[in-house]
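Letters A, B, ... mirror the listed sequences (proteins, then strands); counts begin at 1.
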Number of protein chains: 2
Amino acid sequence: MTDVTGTEARPRARKGEGDLLRQEILDGAEQLLVEKGDADAVSMRAIAKAVGVTPPSLYLHFADKDELLFHVCTRRYEEFDAVLGAASSGAANAADALLRMGRAYVAHGLANPVAYLVLFGVKSDVVPEGIAEEDLPGMQAFFRLVGVIEQGVTAGDFAADDPVAAAIGVWATMHGLVMMLLRGAGDHVPIPEDIVESVGRQALHGLLAR
Amino acid sequence: MTDVTGTEARPRARKGEGDLLRQEILDGAEQLLVEKGDADAVSMRAIAKAVGVTPPSLYLHFADKDELLFHVCTRRYEEFDAVLGAASSGAANAADALLRMGRAYVAHGLANPVAYLVLFGVKSDVVPEGIAEEDLPGMQAFFRLVGVIEQGVTAGDFAADDPVAAAIGVWATMHGLVMMLLRGAGDHVPIPEDIVESVGRQALHGLLAR
DNA sequence: TGTACATCAGTGAACGCGCGTTCACTGATGTAC
DNA sequence: TGTACATCAGTGAACGCGCGTTCACTGATGTAC
């Protein structure tokens with residue numbers, strides 16, 4: 001794991017290996033985001049220190065702070081897509097896949113609490129130039145969900161006029177649930193122990209053919 | 001509406017009327033939050049300027065910036081509660097009430113986009129001293145929803161083992177939906193026109209007695 | 001009715017700080033001859 | 001094999017800025033006698 005105390009010096013990269021620092025910068029920035037829990041609280045100076053480098057070095061790899069944070073987000077979204085893919089891989093049918101994906105999504109969000117809040121709440125929605133639409137953060141994961149719902153419809157298990165609309169509903173439910181659980185609503189509302197399972201089944205029930 | 005250009009001077013309050021400025025500060029802070037869309041981008045100096053007063057005056061009314069923003073949030077949450085109350089007042093039954101509340105909640109969120117994002121994403125979850133638990137932002141609105149679901153269960157329309165769990169699921173869905181619609185997912189995903197109705201009915205269907 | 005005085009709502013200037021970014025530079029690495 | 005040189009990954013110092021907050025103060029308002 002990247003050194004975040006920032007006291008030790010970092011050996012200079014060899015000549016063709018400038019990209020090494022780029023990855024270390026993204027690692028350090030992400031870890032700081034997780035620690036601080038707020039994109040505005042993470043400064044370029046802090047990122048540089050965490051990586052063991054001086055602030056101007058960051059500008060050798062990213063045009064500005066926004067672009068740097070955008071790439072951190074992209075990596076995390078891809079991770080969410082991977083989690084959903086792994087969760088659904090062993091499912092018996094679409095309903096089963098959906099439940100598994102829901103559990104995995106919420107569990108992953110809760111296991112990376114601050115990262116989740118930060119990455120899904122980050123304000124820099126300015127997309128840097130040269131980023132294709134289909135590569136945008138979160139799109140792959142979302143269309144994976146649409147695909148599962150389409151399978152369920154084809155198999156006659158789900159009744160959904162529009163799989164995209166249904167996917168938006170399901171995703172909204174899971175995203176909203178993670179947000180509520182993370183934002184400490186639990187300090188003031190009695191959160192049932194099996195809330196994830198309960199809400200997941202409720203969402204699934206909303207999709208089932210009637 | 002409060003003057004936000006901040007060029008005009010504000011007449012000093014008469015002796016017993018110090019609370020007038022307090023309200024004006026909250027108004028100005030909220031409007032700035034809406035304009036900026038980010039709690040960190042709103043400074044005490046900017047709030048003071050918007051109200052037509054010098055920065056130190058704010059400290060006559062609020063201990064610090066966190067406390068000021070907390071009170072802004074509280075007012076907005078109360079507004080959401082009022083919107084839900086008005087929406088459900090003419091409903092024929094619990095299912096109807098739920099649909100109406102869902103529509104109103106999402107519509108209100110979408111009609112106040114930046115305010116919604118800011119207030120539900122604001123980081124200052126430190127609760128100032130002297131705030132009772134049941135007065136916490138959002139609690140009234142949430143328990144209003146629980147009440148409607150309990151009515152539906154009593155009437156035999158809804159099947160919900162735990163109304164609180166069911167309410168969390170419904171709220172999560174609506175909150176998540178507003179977040180997705182506001183965060184510009186629509187630029188990259190084809191959002192169906194009737195998405196609110198569609199997701200609302202899907203959520204309701206998940207609650208219905210089977 | 002007149003005046004001395006306490007109270008209260010503000011002011012104006014300053015504090016120390018960390019920020020994003022730029023600029024001229026250095027010195028190790030690799031290459032051409 | 002040795003050396004001059006171009007390239008590249010960084011450095012160190014500085015820029016101007018806006019921030020939250022504190023401090024000693026002012027001057028209008030209301031009150032006691």
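- Rounded to whole Å, the distance from CD on A:E24 to P on D:dA9 is 14 Å.
- The listed nucleotides are C:dG20, D:dG10, D:dT21; the one nearest the side chain of B:D64 is D:dT21.
- Put simply, CZ on B:R22 is 17 Å from C1' on C:dC8, counting in whole angstrom units.
- In this entry the distance linking CD1 of B:I25 with P of C:dG10 reads 8 Å, nearest Å.
- The closest donor-acceptor contact from the side chain of B:D64 to the backbone of B:E67 lies under 3.5 Å.
- Look at C:dG12: its Watson-Crick or wobble partner, with both distances under 3.5 angstrom, is D:dC23.
- OP1 or OP2 of C:dG18 has not a single side-chain nitrogen or oxygen of A:S43 nearer than 4.0 Å.
- Atom CG in B:L21 sits about 9 Å away from atom P in C:dT11, given to the nearest Å.
- Remark: A:E78 does not engage A:R75 in a salt bridge, criterion side-chain N to carboxylate O under 4.0 Å.
- When both pairing distances are held under 3.5 Å, D:dC17 makes a Watson-Crick or G-U pair with C:dG18.
- Of the candidate nucleotides C:dT21, D:dG10, C:dG10, C:dG10 has the atom lying nearest to any side-chain atom of B:S57.
- Note: B:W171 and B:F142 have tilted aromatic rings, judged against thresholds of 30 and 60 degrees for the angle between ring planes.
- Across all strands shown, D:dT1 has no partner, as no Watson-Crick or G-U wobble contact with both distances under 3.5 Å is found.
- Proximity note for A:R45 (side chain, C-beta onward) versus D:dA14, D:dG10, C:dG12: the nearest is D:dA14.
- Across the protein-nucleic acid pair, B:K49 atom NZ and D:dG20 atom P stand 14 Å apart, rounded to whole Å.
- In this structure a side-chain-to-backbone donor-acceptor pair under 3.5 Å is missing from B:S198 to B:D194.
- Remark: P of C:dT22 and NZ of A:K65 are 15 Å apart, rounded to the nearest angstrom.
- The nearest whole Å value for the distance from the CG atom in A:L58 to the P atom in C:dT22 is 13 Å.
- Between the NZ atom of A:K36 and the P atom of C:dG18 there is a distance of 11 Å, rounded to whole Å.
- Note: B:F80 and B:H108 have perpendicular aromatic rings, judged against thresholds of 30 and 60 degrees for the angle between ring planes.
- Checking D:dG10, C:dT11, C:dG20 against every side-chain atom of B:P56, the shortest atom distance belongs to C:dT11.
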